[in-house]
*Asks:* 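Here's a structure for you.
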Amino acid sequence: MTTPEALVELDRARPGLAGQLTVALREAIVQGRLVPGTRLPSSRGLAADLRLSRGVVVEAYEQLVAEGRLLARPGAGTVVAPDTGATQRRSGPPDARSSAAGPAVQVNPSGNGLRSGVPDLAMFPRAQWRRAYERALSRARDADFDYGDPAGAPRLRTELSNYLGRVRAARVDPADLVITTGAAQAFSLVAAVLRSRGATTIGIEDPGSVAIRVHFEAQGLRPVPVPVDHEGLDVEALARTGLPAVLTTPAHQYPTGVVLAPRRRAALLAWARTTGGLVVEDDYDAEFRYDRDPVGCLQGLAPDLVAHIGSASKALAPAMRLGWLAVPPGWRAAVVAAKTAADIGGPVLEQLAFAELLADGGYDRHLRRSRQAHRQRRDALTAALRRYLPAARISGIAAGLHLVVELPDGVDDEGLADAAQRAGLMPVPLSRLRLAPGGPPGLVLGYAANPPAELTRAVRTLASLLPPLPDPGRTR
């Protein structure tokens, strides 16, 4: 029997020992240090070896079984599942000659290497979700199987209202929440109501998300760029446009990672109050912070001026298709009417299961585990960038699931991104995220979806696609 004791390093001064143990075992499996078929100690035996409570080991084993990385067989113990991590072991470290010669090895055949905007899908809490779903199913009334409230299950709206108030400092009445099929539908609903009220344009941060632009354009709104600087959205520039609404990511601007400065927050809300404009707040990954204090949402400062949008896509998985939209009271009727016209309401059982996950603390526990893993991966990515791309300037690392690598003038970031995609990576070029011309070239790199060793290999591959960069970089 193999003991993984030597493969596990725990920081007992930090909370979340079960999460630390889960991450350590997961990475040992992915990196091939625990090969398929390896039998692990009993939970009691490993707990004794590591001087942990048995419950900590049981929780880690259950999570990895739910991910499909371990198999628990009655009478046969717990073993590493067949073929887990085989892709990473077969590829091995990139060959030094290929790094010098040009075409890089395909690091991540799944296409998720350095992809931003997605969590590690293998970390989805399958066991906890299954239990939450079973509880929801057992507690559901017969009436819950009918067409539901188009605004969403009242139980979920109540739990979300409590959660957003506790974690994001929001002031959300359950009656003003609308449950959506992800943030995408929430953007479309807001855009549709704006269009019905005569709006033809909306301000968007520049640089900013291409996908969100598409949602607005599909509803007949023309996105107008509003510049972003080191303090976030330029409110003075916004005020000169005469726009009826603006989209912003104040807690963690996409893609730069900057936080909207306090004076800009006050100015933005003053703009909305003076002009009657609507602030659309995309709170897309605010739960993930590492080196800074939490930043409350704008909606909590002015519920009558802000439409607040969030989802479970970054925290759990995009496949959940669970999002939410908190609108000012005067917008609720129009938004619910648009939601009714779109789909008569979302899947009630999934909403009730998510309510159970929120109510019993499972969502909070998952976020704590995820934050620990994401911090380690961010540190691995920044270390690899400093080593293999020392001339690049790194920013936006204090929070979120991605960072920005700014490259020297003259680098074709679009061409580099295309070459990287052919090598199995999916960075996003900064130039693709801008509406207005100008600005330095760069790449948006995600780190949540892959373990540290995979990220290091990906950066080595990325570096092989670039000519030598002359100037030393800086990190902020």
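One-based numbering along the sequence shown.
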*Asks:* List the steps and the verdict of side-chain contact (heavy atoms from CB on, under 4.5 Å) for Val226 and Leu243.
*Replies:* CA-CA 10 Å; Val226 181; Leu243 290 165; 4.2 Å; yes
*Asks:* Starting from the C-alpha separation in whole Å, work towards a yes-or-no answer on side-chain contact (heavy atoms from CB on, under 4.5 Å) for Leu325 and Phe187.
*Replies:* CA-CA 9 Å; Leu325 169 60; Phe187 292 124; over 6 Å; no
*Asks:* When you measure from the side chain of Asp206 to the backbone of Leu435, do you find a donor-acceptor pair of N or O atoms at a distance under 3.5 Å?
*Replies:*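 Yes; at least one donor-acceptor contact below 3.5 Å.
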*Asks:* Once you round to the nearest 0.5 Å, how far does CD1 of Ile397 lie from CZ of Arg375?
*Replies:* 10.5 Å
*Asks:* My understanding is that only one of Leu156, Leu164, Ile309 makes a side chain to side chain contact (heavy atoms under 4.5 Å, CB included) with Trp324; could you say which?
*Replies:*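 Exactly one option meets the side chain to side chain contact (heavy atoms under 4.5 Å, CB included) with Trp324, and it is Leu164.
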*Asks:* Just wondering, do Val210 and Leu433 contact through their side chains at under 4.5 Å, heavy atoms?
*Replies:*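 Leu433 vs Val210: side chains touch.
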*Asks:* Looking at Pro174, is its backbone amide N or carbonyl O close enough to the side chain of Arg157 to form a donor-acceptor pair, meaning the two atoms are under 3.5 Å apart?
*Replies:* yes
*Asks:* Is Glu414 atom CD crowded by more than 12 heavy atoms from other residues, nucleotides or ligands, each under 6.0 Å away?
*Replies:*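 Yes, because the 6.0 Å sphere around CD of Glu414 holds more than 12 heavy atoms from other groups.
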*Asks:* Identify the heavy atoms of Gly400 and Asp285 that sit nearest to each other, and give their distance.
*Replies:*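 In terms of heavy atoms, the two residues are closest at CA-OD2, 3.1 Å.
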*Asks:* Atom CG of Leu268 and atom CH2 of Trp271: how far apart are they, to the nearest 0.5 Å?
*Replies:* 7.0 Å
*Asks:* Measuring from atom OG1 of Thr78 to atom CG of Leu64, what distance do you get when rounded to the nearest 0.5 angstrom?
*Replies:* 10.0 Å
*Asks:* Arg126 side chain to Val65 main-chain N or O, any donor-acceptor pair under 3.5 Å?
*Replies:* no
*Asks:* Tell me whether Arg432 is salt-bridged to Asp413, with the criterion being a basic N under 4.0 Å from an acidic carboxylate O.
*Replies:* no
*Asks:* One thing to verify: whether Lys339 and Asp343 come together as a salt bridge, which I'm taking to mean a side-chain N less than 4.0 angstrom from a carboxylate O.
*Replies:*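 Result for this pair is yes, salt bridge flagged.
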*Asks:* For Ala302 and Arg171, which heavy atoms make the closest approach, and how far apart are they?
*Replies:* N-NH2, 4.1 Å
*Asks:* What pairs with Gln351 under side-chain hydrogen bond (donor to acceptor under 3.5 Å, both in side chains), at least two apart in sequence or on another chain?
*Replies:*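 Testing Gln351 for side-chain hydrogen bond (donor to acceptor under 3.5 Å, both in side chains), a comparison that skips the adjacent residues, returns none.
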*Asks:* Does some side-chain heavy atom of Val295 sit less than 4.5 Å from a side-chain heavy atom of Pro250?
*Replies:* no
*Asks:* For Arg321 and Ser313, which heavy atoms make the closest approach, and how far apart are they?
*Replies:* NH1-OG, 3.6 Å
*Asks:* Is any side-chain heavy atom of Leu367 closer than 4.5 Å to one of Val167?
*Replies:*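 Counting from C-beta outward, Val167 and Leu367 never come under 4.5 Å.
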*Asks:* Would the Tyr254 and His402 ring centres measure less than 6.0 Å apart?
*Replies:* yes
*Asks:* Do Pro82 and Leu71 come within less than 4.5 Å of each other through their side chains, counting heavy atoms only?
*Replies:* yes
*Asks:* Verify, without hydrogens or angle tests, whether Glu159 (side chain) and Leu358 (backbone) share a donor-acceptor contact under 3.5 angstrom.
*Replies:* no
*Asks:* Between Arg155 and Glu356, is there a salt bridge with N-O shorter than 4.0 Å?
*Replies:*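 Yes, this pair counts.
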*Asks:* Is Lys314 salt-bridged to Asp282, cutoff N-O under 4.0 Å?
*Replies:*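 The answer is no: the pair does not qualify as a salt bridge.
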*Asks:* Distance from Ser311 atom OG to Leu322 atom CG, nearest 0.5 Å?
*Replies:*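 Answer rounded to 0.5 Å: 8.5 Å.
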*Asks:* Between the side chains of Arg457 and Glu454, is the shortest nitrogen-to-carboxylate-oxygen separation below 4.0 Å, so that they form an ion pair?
*Replies:* yes
*Asks:* I'd like to check Leu160 versus Ile179 (side-chain heavy atoms, cut-off strictly below 4.5 Å). Are they in contact?
*Replies:* yes
*Asks:* Is any side-chain heavy atom of Glu59 less than 4.5 Å from a side-chain heavy atom of Gln63?
*Replies:* no
*Asks:* Measure the spacing between CZ of Arg265 and CZ of Arg263 and express it to the nearest 0.5 Å.
*Replies:* 14.0 Å
*Asks:* Do you know the tightest heavy-atom contact between Leu114 and Leu462?
*Replies:* CD1-CD2, 4.4 Å
*Asks:* Would you mind checking if Asp229 and Arg264 are paired as a salt bridge, meaning a charged N to carboxylate O distance below 4.0 Å?
*Replies:* yes
*Asks:* Indicate yes or no for a side-chain donor-acceptor contact from Arg273 to the backbone of Leu305 under 3.5 Å, with no hydrogens or angles considered.
*Replies:*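 No.
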*Asks:* If you look at every heavy atom in Pro207 and Gln253, which pair is closest and at what distance?
*Replies:*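 Shortest heavy-atom contact: O-NE2, 2.9 Å.
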*Asks:* Would Val404 and Ile394 count as a side-chain contact (heavy atoms from CB on, under 4.5 Å) if you check the C-alpha gap in whole Å, the side-chain angles of each, and the deciding distance to 0.1 Å?
*Replies:* CA-CA 6 Å; Val404 174; Ile394 309 168; over 6 Å; no
*Asks:* Would you say Asp146's side chain and Ala143's backbone share a donor-acceptor pair under 3.5 angstrom?
*Replies:*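 Pair absent, no side-chain N/O of Asp146 close to backbone of Ala143.
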*Asks:* What are the two closest heavy atoms between Gly330 and Arg197, and how far apart are they?
*Replies:* O-NH2, 3.3 Å
*Asks:* Kindly say whether Val336 contributes a backbone atom to a donor-acceptor pair with the side chain of Thr340 at under 3.5 angstrom?
*Replies:*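 Yes: the side chain of Thr340 pairs with the backbone of Val336.
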*Asks:* Give the C-alpha distance, both sets of side-chain angles, the deciding distance and a yes or no for salt bridge (charged side-chain N to carboxylate O under 4.0 Å, His left out) between Arg131 and Asp360.
*Replies:* CA-CA 11 Å; Arg131 290 194 291 267; Asp360 75 355; over 6 Å; no
*Asks:* List in chain and number order the residues that pass side-chain hydrogen bond (donor to acceptor under 3.5 Å, both in side chains) with Arg44, two or more places apart in sequence or in another chain; answer none if no residue qualifies.
*Replies:* none
*Asks:* Within the 4.5 Å heavy-atom criterion, are Tyr363 and Leu316 side-chain neighbours or not?
*Replies:*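 They are in contact (side-chain heavy atoms under 4.5 Å apart), so the answer is yes.
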*Asks:* For Asp364 and Tyr163, what are the C-alpha separation, side-chain angles and deciding distance, and is it a side-chain contact (heavy atoms from CB on, under 4.5 Å)?
*Replies:* CA-CA 9 Å; Asp364 292 280; Tyr163 172 81; 3.9 Å; yes
*Asks:* Among all residues two or more places apart in sequence or in another chain, which pass the ring pair (Phe, Tyr, Trp, His ring centres under 6.0 Å) test with His308?
*Replies:* none
*Asks:* Quick check for you: to the nearest 0.5 Å, what is the distance between Leu416 atom CG and Leu443 atom CG?
*Replies:* 5.0 Å
*Asks:* How about Tyr147: does its OH atom have over 12 heavy atoms from other parts shown lying under 6.0 Å from it?
*Replies:* no
*Asks:* If you define the side chain from C-beta out and look only at heavy atoms, does anything of Arg377 sit under 4.5 Å from Leu381?
*Replies:*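 In short, these two side chains do not touch, never coming nearer than 4.5 Å.
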